[in-house]
Undergrad: 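Right, I'll just put the structure down here and ask away after.
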Amino acid sequence: QVPLVESGGGLVQAGGSLRLSCAASGRTFSRYTMGWFRQALGKEREFVAAITASGDSTDYDDSVKGRFTISKDNAKNTMYLQMNSLKPEDTAVYYCAGTSMWYFRRQPANFNSWGQGTQVTVSS
């Protein structure tokens, strides 16, 4: 497991942008596939985006494709989620997570390291 801390959430109007960060501790961050998930009130946690350990491949849920960009800086032990053209339905608590298995990247149960979450609220 790797300790993770998210930051960058907040309140933004529809159409606006936010950049989330996920800072990791320790020396194993570069070995991890990393993902972003979100959980809206009363709903299950859902996949948003994932990136390979090296950062050379990414995957996005259709609902965010073309609007969100995931990136990873192994030298800084940090992952990012740039969110543009935000919509009210993007409102949720966003979590970063790490796993050793890219194949199951869309399944929360596959991730064994989680941050505490950061709230993103998009007003209409």
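Heads up: numbering here begins at 1 and tracks the sequence. What you are looking at is a predicted structure, and each value in this text was computed from that prediction instead of being measured.
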Undergrad: Are the ring centres of Phe111 and Phe37 closer than 6.0 Å?
TA: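 Yes: the rings meet the under 6.0 Å criterion.
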Undergrad: I'd like to know if the side chain of Asn110 reaches the main chain of Met101, judged simply by a donor and an acceptor atom lying under 3.5 Å from each other, with no hydrogens or angles considered.
TA: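 It does hold such a pair.
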Undergrad: If we ignore hydrogens and angles and just use 3.5 Å, is the side chain of Ser113 paired with the main-chain N or O of Gly98 as donor and acceptor?
TA: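 No, Ser113 side chain to Gly98 backbone: no donor-acceptor pair under 3.5 Å.
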Undergrad: The criterion is salt bridge (Lys or Arg N to Asp or Glu O under 4.0 Å); which residues satisfy it with Arg105, sequence neighbours excluded?
TA: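 For Arg105 the salt bridge (Lys or Arg N to Asp or Glu O under 4.0 Å) partners, ignoring immediate neighbours, are Asp59.
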Undergrad: Give me the one residue out of Leu86, Leu18, Thr91 that meets side chain to side chain contact (heavy atoms under 4.5 Å, CB included) with Thr121.
TA: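 It is Thr91, the one option of Leu86, Leu18, Thr91 that forms the side chain to side chain contact (heavy atoms under 4.5 Å, CB included) with Thr121.
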Undergrad: Remaining members of Val5's ILVMFWY cluster at a side-chain heavy-atom cut-off under 4.5 Å?
TA: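 The other cluster members (ILVMFWY side chains, heavy atoms under 4.5 Å, direct or chained): none.
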Undergrad: Quick check: does any side chain N or O of Arg67 sit under 3.5 Å from a backbone N or O of Ser85, one acting as donor and the other as acceptor?
TA: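 Side chain of Arg67 to backbone of Ser85, a donor-acceptor pair under 3.5 Å: yes, one is there.
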Undergrad: Drop me the distance from Arg106's CZ to Phe47's CZ, to the nearest 0.5 angstrom.
TA: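 Rounded to the nearest 0.5 Å, the CZ-CZ separation comes to 4.5 Å.
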Undergrad: So among Leu81, Val93, Val120, Asp90, which one has a side chain to side chain contact (heavy atoms under 4.5 Å, CB included) with Arg38?
TA: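 It is Asp90, the one option of Leu81, Val93, Val120, Asp90 that forms the side chain to side chain contact (heavy atoms under 4.5 Å, CB included) with Arg38.
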Undergrad: Verify the neighbour count for atom NZ of Lys43: are there more than 12 heavy atoms of other residues, nucleotides or ligands below 6.0 Å?
TA: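 Not more than 12 within 6.0 Å, no.
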Undergrad: Please answer: with hydrophobic residues joined when any side-chain heavy atoms are less than 4.5 Å apart, are Val12 and Val48 in the same cluster?
TA: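 Yes, same cluster.
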Undergrad: State, to 0.1 Å, how close Ala24 and Val2 come at their nearest heavy-atom pair, and which atoms those are.
TA: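 Here Ala24 and Val2 meet closest at CB-CG2, 3.8 Å.
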Undergrad: Show, in sequence, the C-alpha distance, side-chain angles and deciding distance for Trp36 and Ile70, and conclude whether the side-chain contact (heavy atoms from CB on, under 4.5 Å) test is met.
TA: CA-CA 8 Å; Trp36 286 99; Ile70 189 172; 3.6 Å; yes
Undergrad: Distance from Asn112 atom CG to Ser100 atom OG, nearest 0.5 Å?
TA: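 OG of Ser100 is found 6.5 Å from CG of Asn112.
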Undergrad: Nearest heavy-atom pair of Cys22 and Met34: which atoms, and what distance?
TA: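 Between these two residues, the closest heavy atoms are SG-CE, 4.2 Å.
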Undergrad: Hey, is the main chain of Thr69 close enough, under 3.5 Å, to the side chain of Asn84 for a donor-acceptor pair?
TA: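 Absent.
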Undergrad: Which distance, rounded to the nearest 0.5 Å, do you find between the OH of Tyr95 and the CD of Glu46?
TA: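 One gets 12.5 Å once the value is rounded to the nearest 0.5 Å.
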Undergrad: Rounded at 0.5 Å granularity, tell me how far CZ in Phe68 sits from OG1 in Thr58.
TA: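 Rounded to the nearest 0.5 Å, the CZ-OG1 separation comes out at 14.0 Å.
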Undergrad: Nearest heavy-atom pair of Met79 and Cys96: which atoms, and what distance?
TA: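 Here Met79 and Cys96 meet closest at CE-CB, 3.5 Å.
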Undergrad: I need the Lys87 NZ to Ser124 OG distance, nearest 0.5 Å.
TA: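 Between atom NZ of Lys87 and atom OG of Ser124 there are 14.0 Å.
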Undergrad: Centre of Phe29's six-membered ring, under 6.0 Å away, within 45 degrees of the axis: is that where NZ or CZ of Lys72 sits?
TA: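 The answer is yes; both the distance and angle limits are met.
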Undergrad: Does Gln116 have more than 12 heavy atoms from other residues, nucleotides or ligands lying within 6.0 Å of its CD?
TA: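 Above 12, so yes.
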Undergrad: Are any side-chain N or O atoms of Tyr80 and backbone N or O atoms of Asp73, one a donor and one an acceptor, separated by less than 3.5 Å?
TA: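 Side chain of Tyr80 to backbone of Asp73, a donor-acceptor pair under 3.5 Å: no, none is there.
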Undergrad: Could you tell me whether the side chain of Glu6 and the main chain of Thr118 form a donor-acceptor pair under 3.5 Å?
TA: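 Between the backbone of Thr118 and the side chain of Glu6 there is no qualifying donor-acceptor contact (under 3.5 Å).
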Undergrad: With a 4.5 Å cut-off on side-chain heavy-atom distances among I, L, V, M, F, W and Y, is there a chain of contacts connecting Tyr60 to Ile51?
TA: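 Yes, Tyr60 connects to Ile51 through the hydrophobic network.
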